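Each residue takes its place number in the sequence, starting with 1. Ligands are counted one by one from 1 in listed order, and the atoms in each one are counted from 1 as well. Keep in mind that what you see is a predicted model, and the values were worked out from it rather than measured. All heavy atoms count here, side chains included; hydrogens, waters and symmetry mates do not.
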Amino acid sequence: MTRTETPPLRARAEIDLAALRANVRALRARAPRAALMAVVKSDAYGHGAVPCARAALEAGAEWLGTATPEEAFALREAGLHGRVLCWLWTPGGPWRTAIEADVDVSVSDLWALEEVREAAAAAGAPARVHLKADTGLGRAGCQPADWPELVAEALRAEGDGLVTVVGLWSHFACADEPGHPSIASQLGRFRAMVAYAEEQGVRPEVRHMANSPAMLTLPEAHFDLVRTGIALYGLSPSPELGTPADLGLHPVMTLKASLALAKQVPGGHGVSYGHKYTTPGSTTLGLIPVGYADGIPRHASGTGPVLVDGKLRTVAGRIAMDQFVVDLGGDEPAPGTEAILFGSGEHGEPAAEDWAQAAGTIAYEIVTRIGSRVPRVYVNVNAEQVG
Ligand SMILES: *Cc1c(COP(=O)(O)O)cnc(C)c1O
C-alpha cells in the first residue's frame with residue numbers, strides 16, 4: 001500500500017526516502033568504480049518497491065534487482081527505466097515478457113537457456129542473459145563442472161542471435177562473517193569461472209558478486225557492479241559489521257503505532273494469552289495495536305522493545321495476532337500517544353536489530369515481514385529535500 005495523505009492512526013511504517021537516497025550516495029562513494037544495483041525484491045524488503053526503486057535511481061543507482069519476474073515487471077509497469085535484473089526463474093518463465101519488458105534474466109542451467117532461446121526466437125529479439133556461477137553458496141548457479149557446457153551453449157545461442165551474454169555473476173554464502181574461509185575460496189572460483197568464459201569468447205558488460213556485506217567489507221569483490229539490498233535500507237547486514245551509524249547508513253523505516261489503551265491493574269494480574277506475564281505489583285498496562293498479522297514476530301513475546309512516551313518498554317506476555325501489551329510501570333500516557341517499535345534511533349527508539357535479537361532472527365526479516373495491513377507512508381519524497 002502506498003499513501004502520501006494523512007495516515008491512519010492505528011499503525012504506520014514511515015519510509016524516509018531522503019535517508020534511502022543518502023544511503024545510495026554513501027554506498028556509491030564506497031564503490032566508486034562499480035555501478036550500483038538497488039535490490040528491491042520482496043517489495044524492497046518491505047519498504048515499497050516502486051517508491052524505493054525510483055528514489056534509488058534518482059540518487060544514482062543504475063540497476064534494479066528483483067527475485068521474481070512479477071517484481072521486475074511491476075517496476076516497468078510503474079514507468080521505471082534503468083537496467084533491471086531478475087534472477088529467480090522457474091520453468092515457464094515468462095521469458096518472453098522479460099525480453100519485451102527489457103528485463104535482464106539470470107540463467108544457471110541448460111533448461112533455462114533452452115527456454116530463453118525459444119522465447120527469443122518467438123519474440124524476434126535476443127534476451128539479455130547473466131550466467132550465474134555457483135562458486136560455493138550451493139543455491140542457484142551453475143557448478144564448476146557444468147560451466148563449460150553452459151558457456152558453450154550460451155555462446156551458441158549468442159551466435160544464433162537469440163541471447164546476449166551481458167553478465168557473469170555469483171553470490172556469497174558468508175560475506176557477513178569477514179575472514180570466513182569460504183569468502184576467499186568463492187572469490188578464487190569466481191575469477192577462474194569468469195576467466196574461462198572470457199577465454200571462450202564471452203564479453204560480459206558486468207561481472208558481479210557483492211551483496212551488501214561484501215560491498216561494505218571486501219573491495220576486491222566489487223568487480224563492475226555491486227548488488228546492495230539491506231544497506232540501501234539503512235540496516236547493517238550483521239552486528240559483526242557494526243551499527244548502521246558505524247557504516248554511515250541511515251535506517252529508512254520507522255514503525256509506529258498509536259497507544260490504544262492505558263489502564264491501571266492490580267498486582268498479580270495475568271497478561272495476554274497463556275498468562276506468560278503477571279504484573280509484579282499494581283501497575284498500568286498499555287495496549288499496542290499491532291501483532292503478528294502485521295509482521296511483529298511472536299517470537300519476540302516477552303522481549304520486544306517499544307518506546308512509549310519517551311520510555312523504553314518491553315512486550316509483556318505474548319504477542320497476539322493484532323495486538324500486544326506493555327507494562328507502563330504506573331505511567332498513564334493518553335490513548336493516541338505514539339509508540340515507536342523501531343526506527344533510526346534518533347528519538348531513543350529501538351532499532352530493527354533490537355527486534356531481530358529479541359526474536360532470534362536478523363534485521364532483514366524484521367523489516368521485510370511487516371504486513372500489508374500496515375500502510376507505508378513516504379516522507380521526504382522529493383529529491384530536493386534533505387532528510
Ligand atoms: C537479496 C540478494 C542480494 C542483496 O543482498 P543484501 O545482503 O541485502 O545486500 C544480492 N544478490 C542476490 C542474488 C540476492 O538474492
Side-chain angles (χ1 to χ4, degrees), residues 20 23-24 26-28 30-31 34-47 49 52-53 56 61-69 71-72 75 83-90 103-109 112 129-142 167-178 180 182-183 186-187 190 206-218 221-242 244 247-249 251-253 352-353 356 361-369:
L20 188 141
N23 294 333
V24 169
L27 293 170
R28 290 198 68 210
R30 291 177 81 126
L36 186 94
M37 176 187 289
V39 177
V40 294
K41 64 189 180 190
S42 196
D43 207 22
Y45 296 35
H47 294 66
C52 291
E62 292 95 336
W63 288 75
L64 300 172
T66 73
T68 70
E71 291 170 341
L75 300 173
R83 298 292 289 274
V84 175
L85 171 63
C86 170
W87 52 74
L88 192 58
W89 294 90
T90 44
V103 166
D104 291 20
V105 304
S106 173
V107 164
S108 294
D109 197 85
V129 168
H130 298 235
L131 296 179
K132 184 165 196 185
D134 182 359
T135 54
L137 174 61
R139 204 174 67 179
C142 178
L168 296 173
W169 74 301
S170 191
H171 195 39
F172 281 109
C174 310
D176 56 346
E177 298 174 49
H180 192 284
S182 69
I183 295 172
Q186 283 199 263
L187 259 177
F190 185 61
V206 284
R207 297 156 300 168
H208 51 108
M209 192 165 186
N211 53 1
S212 295
M215 192 275 170
L216 292 164
T217 61
L218 206 65
H222 290 174
F223 296 100
D224 306 307
L225 174 65
V226 293
R227 305 186 308 269
T228 52
I230 198 73
L232 201 66
Y233 308 107
L235 300 178
S236 173
S238 145
E240 207 182 319
L241 269 54
L247 298 168
L249 300 171
V252 171
M253 182 188 291
E353 181 61 37
T361 183
I362 53 177
Y364 289 74
E365 187 180 352
I366 296 299
V367 289
T368 303
R369 68 195 312 232

What salt bridge (charged side-chain N to carboxylate O under 4.0 Å, His left out) pairs are there with at least one residue in residues 168-178, not counting sequence neighbours? none
Residue by residue, ordered by chain and number, which ones reach under 4.0 Å of ligand 1 with a heavy atom? Val39, Lys41, Tyr45, Trp87, Arg139, Trp169, His171, Asn211, Ser212, Pro213, Arg227, Thr228, Gly229, Ile230, Tyr364
Contacts of Asp224 that satisfy salt bridge (charged side-chain N to carboxylate O under 4.0 Å, His left out) - sequence neighbours left out: Arg207
Which heavy atom of Val24 sits nearest to which heavy atom of Ala61, and what is that distance? CG1-N, 3.9 Å
Arg30: which residues meet the salt bridge (charged side-chain N to carboxylate O under 4.0 Å, His left out) condition with it, sequence neighbours left out? none
Any donor and acceptor pair, going by atom type alone, linking the side chain of Glu365 with main-chain N or O of Ala356 inside 3.5 Å? no
Quick one: does any side-chain atom of Ser108 pair with a main-chain N or O of Ala140 as donor and acceptor, under 3.5 Å? no
